[in-house]
Amino acid sequence: MIILMKENSEKRHINNVLNFLKQKNVDVFCREDTGKSVILTKGNSYHIDTGMLRAMEGVLDVKRLSEPCHKVLRSEHPEDTVVRVGKAAAGGGSFMFIAGPCTIESEKQLNEVADEITDITDVLRGGAFKPRTSPYTFQGLGEEAIGYLTDLKESTGIPVVTEIMDTSQLDLFENVDMIQIGAKNMQNYELLKAVGRCDKPVLLKRGSTNTIQELLLSAEYIASEGNDQIILCERGIRSFETSTRCTLDISAVPVLKSKTHLPVIVDPSHATGNSKMVRPMALAAAVAGADGIMIEVHNRPWEALCDGVQSMTPDEYRKLVRAVKEILPYRYRY
Ligand code: PEP
Ligand code: MN
């Protein structure tokens, strides 16, 4: 971290900054030159609040040279973290296929989709609590749907993932294998802390208007509570482009893979909003070095209560899995 003092700043202002850093156990190097002082910190400074420093008298500017977190950073933990969900794994060379309906609409619908794809899927997804933009659209079956999902897990053995929306729902997730934090809750800090205290993998989706640094900090919230079983998911961000539901930030894969040891997967369904674009984007994600993909699949997309346009049929998904497996040996490795 570099702290640049204003020209001819008073000695007491410089000392105030030095004392502030000392109290935070940060070693400093201070150079006073031609009336402009520069303070450099040595070692970790992730716990320093740059806003507080900037507000101090005599401070002109503060620049961070590293991310304001540490547990999730590759610089602190060079080896890939491998997140295991049931027998499946993401990271460290393992690729995870997560698929299933956007929303669990009924036990029959869930089982029909599952029947067609469990043999080619590592983790089955299905929304029970749905964070819908409009309160008048289908909100999900809630607890009832979690029951269908865990029954399915018991009868087939496939691990399951579903989204939590509030800390009060945690008890219902006891038999769920992985807890999803959706894009809309990426910065729900109480929820992040609560799943951080759980002994279960967490699938953390990037908010559509959030930076990569904010995603890493949200993951740090989970990790700082003791849970480092975190999979990050790029799912498209808001841009000026209207041809797709969101803009898939495929470059988030190399950025994240270089910055963090956590596995990174891609959701091309919510990113594109169009089932015809899911295949090329899923292949791009695999080539870019993602550790998995999450795909929405519906047995009758034209009848889906949510996200039918972006849902693949089981047959389309099966062909996609085959194509991804073919290119996996050529994917970029970090
Ligand atoms: C989902 O995966 O079910 C979902 C709601 O996606 P997102 O949180 O990325 O919008
Ligand atoms: Mn969806």
Side-chain angles (χ1 to χ4, degrees), residues 85 90 96-105 109-110 113 121 123-135 137-142 145-146 148-149 160-166 169 173 176-188 191-192 195 201-210 212 214-215 218-219 230-239 244-250 252-253 256 264-275 277-278 281-282 285 290 292-313 317:
V85 188
M96 188 179 276
F97 289 90
I98 306 175
C102 171
T103 307
I104 299 166
E105 300 166 12
Q109 170 250 10
L110 175 68
V113 177
T121 302
V123 180
L124 200 99
R125 63 151 287 151
F129 298 101
K130 293 302 300 177
R132 304 303 301 280
T133 308
S134 165
T137 52
F138 182 57
Q139 302 287 303
L141 297 177
I146 296 204
Y148 300 148
L149 205 54
V160 294
V161 57
T162 191
E163 178 169 352
I164 190 166
M165 279 173 53
D166 190 84
Q169 296 160 353
F173 282 66
V176 168
D177 301 279
M178 177 157 62
I179 304 176
Q180 178 172 323
I181 305 262
K184 284 119 199 138
N185 268 313
M186 190 203 88
Q187 288 185 309
N188 181 339
L191 191 53
L192 296 172
V195 298
V202 177
L203 174 57
L204 177 64
K205 298 188 83 175
R206 178 182 181 185
S208 64
T209 56
N210 287 114
I212 288 174
E214 287 165 341
L215 174 61
S218 291
I230 308 163
I231 299 178
L232 303 175
C233 180
E234 161 59 36
R235 46 77 74 212
I237 52 174
R238 281 265 169 102
S239 79
T244 45
R245 183 173 178 178
C246 288
T247 295
L248 179 59
D249 182 9
I250 201 81
V253 175
L256 283 168
V264 178
I265 69 163
V266 170
D267 166 358
S269 306
H270 290 90
T272 61
N274 180 335
S275 65
M277 296 183 194
V278 168
M281 293 299 97
I293 48 172
M294 178 153 82
I295 308 291
E296 285 191 340
V297 181
H298 198 289
N299 51 337
R300 282 186 291 276
W302 50 91
E303 285 177 10
L305 296 183
C306 183
D307 286 349
V309 179
Q310 69 195 34
S311 299
M312 283 186 142
T313 60
Y317 170 66

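Read the numbers this way: they start at 1 and go in the same order the structure lists the ligands and their atoms. When a residue number appears, it is its place in the shown sequence, counting from 1.
Between the side chain of Thr272 and the backbone N or O of Thr244 there is no donor-acceptor pair closer than 3.5 Å. A donor-acceptor contact shorter than 3.5 Å is absent between the side chain of Asn299 and the backbone of Val113.
Counting protein heavy atoms only, atom 9 (O) of ligand 1 is closest to Arg235 NE, 2.6 Å. Scanning the protein for heavy atoms near atom 4 (C) of ligand 1, the closest one is His270 NE2, 3.5 Å. In this structure, atom 5 (C) of ligand 1 lies nearest to the protein heavy atom Glu163 OE1, 3.7 Å. With respect to atom 8 (O) of ligand 1, the closest heavy atom belonging to the protein is Ala183 N, 2.7 Å. Nearest protein heavy-atom neighbour of atom 6 (O) of ligand 1: Lys205 NZ, 3.0 Å. Of all protein heavy atoms, the one closest to atom 3 (O) of ligand 1 is Arg125 NH2, 2.8 Å.
Residue Cys306 does not count as close to the Mn ion (ligand 2), with no N, O or S atom under 2.8 Å.
Listed by first and then second residue, the salt bridge (charged side-chain N to carboxylate O under 4.0 Å, His left out) pairs that reach into residues 293-302 are Glu112-Arg300, Arg125-Glu296, Arg300-Glu303, sequence neighbours excluded.
Of all atoms in ligand 1, listed by their number and element, those nearer than 4.0 Å to a heavy atom of Lys130 are 3 (O), 5 (C). Set against the non-hydrogen atoms of Lys184, the atoms of ligand 1 under 4.0 Å away are 10 (O). Listed by number with element, the atoms of ligand 1 under 4.0 angstrom from any heavy atom of Gly182 are 8 (O).
With respect to the salt-bridge test (charged N to carboxylate O, under 4.0 angstrom), the residues Asp307 and Arg245 qualify.
Using a 4.5 Å heavy-atom cutoff, the side chains of Asp166 and Phe129 are not in contact. Looking at Leu204 and Met186, their side chains come closer than 4.5 Å, going by heavy atoms from C-beta outward. You'll find the side chain of Pro301 stays beyond 4.5 Å of the side chain of Val309, heavy atoms only. Glu163 places none of its side-chain heavy atoms less than 4.5 Å from the side chain of Lys205.
Among the atoms of Met294, none of the N or O lies under 3.5 angstrom from an N or O of ligand 1. For ligand 1, none of its N or O atoms has an N or O atom of Asp267 under 3.5 Å away.
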**Prompt:** Checking side-chain contact (heavy atoms from CB on, under 4.5 Å) for the pair Leu305/Thr103: CA distance, chi angles, key distance, verdict?
**Reply:** CA-CA 7 Å; Leu305 296 183; Thr103 307; 5.7 Å; no
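Our summary of the site lists the angle at the Mn ion (ligand 2) between OE2 of Glu296 and SG of Cys102 as 90°, to the nearest 10 degrees. Angle NE2 (His270) to the Mn ion (ligand 2) to OD2 (Asp307): 90°, rounded to 10°.
Screening Leu149, Val123, Ile231, Leu124 against Val161 for a side-chain contact (heavy atoms from CB on, under 4.5 Å) leaves a single residue, Val123.
The closest approach between a heavy atom of Gln180 and any atom of ligand 1 is below 4.0 Å.
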